[in-house]
**Student:** 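This is the structure I have questions about; it appears just below.
This structure is a prediction, so every number in the text was calculated from the model and none was measured. When a residue number appears, it is its place in the shown sequence, counting from 1.
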Amino acid sequence: MPDGGRRLWRYDATTNRGTRTGAITRSSPTVVDGTVYVGSTDRYLYAVDTATGDRRWRYGPGGPVETAPSVANGTVYAAADGDLHALDAATGDRRWTYTVGDDIDVSPTVHDGTVYVGNCGVGAHRLDAVNAATGEKRWEYVAATGIHRSPTVVEGTVYAGSERRPFALDAATGEEHWRADIPPGHSSPTVGAGAVFLGSRAGLYAFDAATGGERWRARRDEAFRGTPTVADGLVYAGSDDNRLYAFDATTGEERWRFETGSSVASSPTVAGRTVYAGERAGALVAVDAWTGEERWRFETEGPVDTAPTVVDGTVYAGSHDGYLYAVGAVGDRDWSSRDSRVLAGTLGHHDRRDPAGPPGSPDDHTSGTAARVHDSGAPECCSHCGTDLSELAAPSFCPDCGAALGDR
């Protein structure tokens, strides 16, 4: 495996390969079955081979593709120019288009045969549930203001939010379970350990996933623009104060902070024992998930606001310089992303798990497959896929397949 932080390839996600056209890559990459799917402001969605960086196909939806596509059951779902597009994952051929009717500023979320997508245009503040196979609307929820963040679906509940107002809905009917108040500018919701985690302009928040009651808030003097992620009892989030933080998921206590040198709008990603995040100054950074110590830094030619995705030991990330990068990860193992966003199917490689969620959903640390345990009390291997876990200290999830490993 290549040394951590070494570039394997880069793909120019602009109309003219090898030239600078002013287009940027703000879309986070999604990696499924040897293909990276990523959007660009040059008005195209690209499918790129993970091994070579060569383009397989591109699709022009009629507008910039600035949010991450979702992939499920051989179909790519992408939002652009007020429409939701469903494409054949192998060819890029269009299967159907659903007109939301106004601006879409969020990534579509696919769960159990339904695509959830929100809009934020003038006078249009809806979250729509759409049949993933046909593109027909199942229900809509009208919010108080525009929906600027992607929904997350866990155990039959949709977690989303408009400005200042996160809410939880029944995934089947759209009926509201609860709503809460939060300072403006909050992130997409992340669900794990029975809680909903949100970044805002005034701190990081944790709400009870069942009731919407506030559990804790941290760093009220800082802005957290990127979506937090949860792995092994810690919440990772980047802030505008040029730091990447780790907090205890139960108490909100700060465990460590890492000085990045510039603000972090990217959502962190966890693979093995490493946290990966992008920096506005133009870098992809790898940090030890338990200590906060830097492992390596990879420089780009523009800000990295996208969430990195790690698959089989390679980190994929886009940059404002217009490139999609493939960078070698850390260590001698082919780790893949295993954090809460990946397990919930809202970031990265969606087809690696059953989109229905349980068993082994992000907030379920007691169900799922059993694992053999060695003398230290940590699982020896995953009984679901057989991955060797002997060098990890009591993981909650298998880093390869994402299966829950029982009580720690």
**Student:** Does some side-chain heavy atom of R55 sit less than 4.5 Å from a side-chain heavy atom of Y11?
**Tutor:** yes
**Student:** So, S319 side chain and P303 main chain: donor-acceptor pair closer than 3.5 Å or not?
**Tutor:** yes
**Student:** Do H177 and T157 come within less than 4.5 Å of each other through their side chains, counting heavy atoms only?
**Tutor:** yes
**Student:** Measuring from D305:CG to S263:OG, what's the distance to the nearest 0.5 Å?
**Tutor:** 7.5 Å
**Student:** Scan side-chain atoms only and decide if E214 and Y205 contain a donor-acceptor pair under the 3.5 Å cut-off.
**Tutor:** no
**Student:** Taking CZ in R94 as the centre, count heavy atoms belonging to other residues, nucleotides or ligands within less than 6.0 Å. Is the count above 12?
**Tutor:** no
**Student:** Measure the OG1-CH2 distance between T35 and W57 for me, rounded to the nearest 0.5 Å.
**Tutor:**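 Output value for this atom pair is 8.5 Å.
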**Student:** How far apart are the closest heavy atoms of R95 and G74, and which atoms are they?
**Tutor:**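 The answer is NH1-O, 3.5 Å.
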**Student:** Compare all side-chain heavy atoms of V36 with those of L324 and state whether any distance is below 4.5 angstrom.
**Tutor:** yes
**Student:** Is the ring pair F247/Y245 parallel, tilted or perpendicular, if the boundaries are 30 and 60 degrees?
**Tutor:** parallel
**Student:** Does the ring of Y323 carry R10 above it, NZ/CZ under 6.0 angstrom from centre and within 45° of its axis?
**Tutor:**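 Yes, a cation-pi geometry holds between R10 and Y323.
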**Student:** Is it true that the side chains of T114 and R138 contain a donor and an acceptor less than 3.5 Å apart?
**Tutor:**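 Side chains of T114 and R138: pair found under 3.5 Å.
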**Student:** With a 3.5 Å cut-off and no angle check, do the side chains of T99 and D83 form a donor-acceptor pair?
**Tutor:** yes
**Student:** So, does Y159 use its side chain to make a donor-acceptor pair with the main chain of A209 at under 3.5 Å?
**Tutor:**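 Yes, because the side chain of Y159 sits within donor-acceptor range (under 3.5 Å) of the backbone of A209.
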**Student:** Could you report the tightest heavy-atom contact between W139 and L127, atom names first, then the distance?
**Tutor:** CZ3-O, 3.8 Å
**Student:** What distance do T97 atom OG1 and L84 atom CG have between them, rounded to the nearest 0.5 Å?
**Tutor:**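 Reported to 0.5 Å precision, the distance equals 8.0 Å.
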**Student:** Determine whether a donor-acceptor pair (N or O, by modelled atom type, separation under 3.5 Å) exists between the side chain of T109 and the backbone of P151.
**Tutor:**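 Yes; at least one donor-acceptor contact below 3.5 Å.
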**Student:** Please report the interatomic distance CD(E253) to CG(L234), rounded to the nearest 0.5 Å.
**Tutor:** 10.5 Å
**Student:** Given side chain to side chain contact (heavy atoms under 4.5 Å, CB included), test T41 with E66 step by step and report yes or no.
**Tutor:** CA-CA 6 Å; T41 59; E66 301 189 74; 3.9 Å; yes
**Student:** Should R201 and D221 count as an ion pair when the cut-off is N to O under 4.0 Å?
**Tutor:**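 No.
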**Student:** Check P189 against R341 and note the closest heavy-atom contact, atom names and distance.
**Tutor:** O-NH1, 3.1 Å
**Student:** Without swapping roles, check the side chain of T30 against the backbone of Y37 for a donor-acceptor pair under 3.5 Å.
**Tutor:** no
**Student:** A side-chain contact here means heavy atoms from C-beta on lying under 4.5 Å apart; do R165 and D181 qualify?
**Tutor:**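 With C-beta onward as the side chain, the pair touches.
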**Student:** Under 30°, 30 to 60°, or over 60°: which ring-plane class applies to H85 and Y59, parallel, tilted or perpendicular?
**Tutor:** perpendicular
**Student:** Counting N and O atoms only, with roles assigned by atom type, does the side chain of R43 sit under 3.5 Å from a partner on the main chain of G62, one being a donor and the other an acceptor?
**Tutor:** yes
**Student:** Enter the distance from T260:OG1 to E279:CD here, rounded to the nearest 0.5 Å.
**Tutor:** 4.5 Å
**Student:** Check whether any side-chain heavy atom of F197 lies under 4.5 Å from a side-chain heavy atom of F207, and answer yes or no.
**Tutor:** no
**Student:** Using the side chain to side chain contact (heavy atoms under 4.5 Å, CB included) rule, take L45 and L87 through it: C-alpha gap first, then chi angles, then the decisive distance, then the call.
**Tutor:** CA-CA 10 Å; L45 174 71; L87 313 173; 3.6 Å; yes
**Student:** Counting neighbours of CG on D33 that are heavy atoms of other residues, nucleotides or ligands and sit closer than 6.0 Å, is the number greater than 12?
**Tutor:**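 Open: at most 12 neighbouring heavy atoms sit under 6.0 Å from CG of D33.
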**Student:** Given side chain to side chain contact (heavy atoms under 4.5 Å, CB included), test I147 with F167 step by step and report yes or no.
**Tutor:** CA-CA 11 Å; I147 297 174; F167 53 80; 4.2 Å; yes
**Student:** Verify whether one side chain among N73 and T75 offers a donor that lies under 3.5 Å from an acceptor in the other.
**Tutor:**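 No.
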**Student:** Between R126 and D128, is there a side-chain N and carboxylate O pair less than 4.0 Å apart?
**Tutor:** yes
**Student:** Nearest 0.5 Å, what's the OG-CZ distance between S200 and R220?
**Tutor:** 10.5 Å
**Student:** A side-chain contact here means heavy atoms from C-beta on lying under 4.5 Å apart; do R273 and T291 qualify?
**Tutor:**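 They are in side-chain contact.
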**Student:** Do H111 and Y116 have a side chain donor and acceptor closer than 3.5 Å?
**Tutor:** no
**Student:** Side chain of T50, backbone of G34: donor and acceptor closer than 3.5 Å?
**Tutor:** yes
**Student:** Do the side chain of S266 and the main chain of T306 share a donor and acceptor less than 3.5 angstrom apart?
**Tutor:**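 Yes, the answer is positive, given that a donor and an acceptor are paired below the 3.5 Å cut-off.
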**Student:** How far apart are the closest heavy atoms of P228 and S187, and which atoms are they?
**Tutor:** CD-OG, 3.4 Å
**Student:** State, yes or no, whether a side-chain contact exists between W256 and L244 at a heavy-atom distance under 4.5 Å.
**Tutor:** yes
**Student:** Is it the case that the side chain of Y236 and the backbone of A289 share a donor-acceptor pair, with hydrogens and angles ignored and the cut-off at 3.5 Å?
**Tutor:**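 Checking the backbone N and O of A289 against the side chain of Y236, a donor-acceptor pair under 3.5 Å is found.
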**Student:** Check whether any side-chain N or O of H349 sits under 3.5 Å from a backbone N or O of V310 as a donor-acceptor pair, and report yes or no.
**Tutor:**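 Here the side-chain-to-backbone pair exists.
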**Student:** If you look at every heavy atom in P308 and L284, which pair is closest and at what distance?
**Tutor:** CG-CD1, 3.6 Å
**Student:** For residues V154 and A344, report the shortest heavy-atom separation together with the two atoms involved.
**Tutor:**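 Looking at all heavy atoms of both residues, the closest pair is CG2-CB, 4.1 Å.
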**Student:** Given 3.5 Å as the limit, does a donor-acceptor pair link the side chain of D339 with the main chain of T229, or not?
**Tutor:** no
**Student:** Would you please classify the geometry between the Y77 ring and the W96 ring as parallel, tilted or perpendicular, with 30° and 60° separating the classes?
**Tutor:**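 Tilted: the ring planes of W96 and Y77 meet at 30° to 60°.
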**Student:** Between F258 and V285, is there a side-chain heavy-atom distance shorter than 4.5 Å?
**Tutor:** yes
**Student:** Just checking, any donor-acceptor pair under 3.5 angstrom between side chains of T274 and R295?
**Tutor:** yes
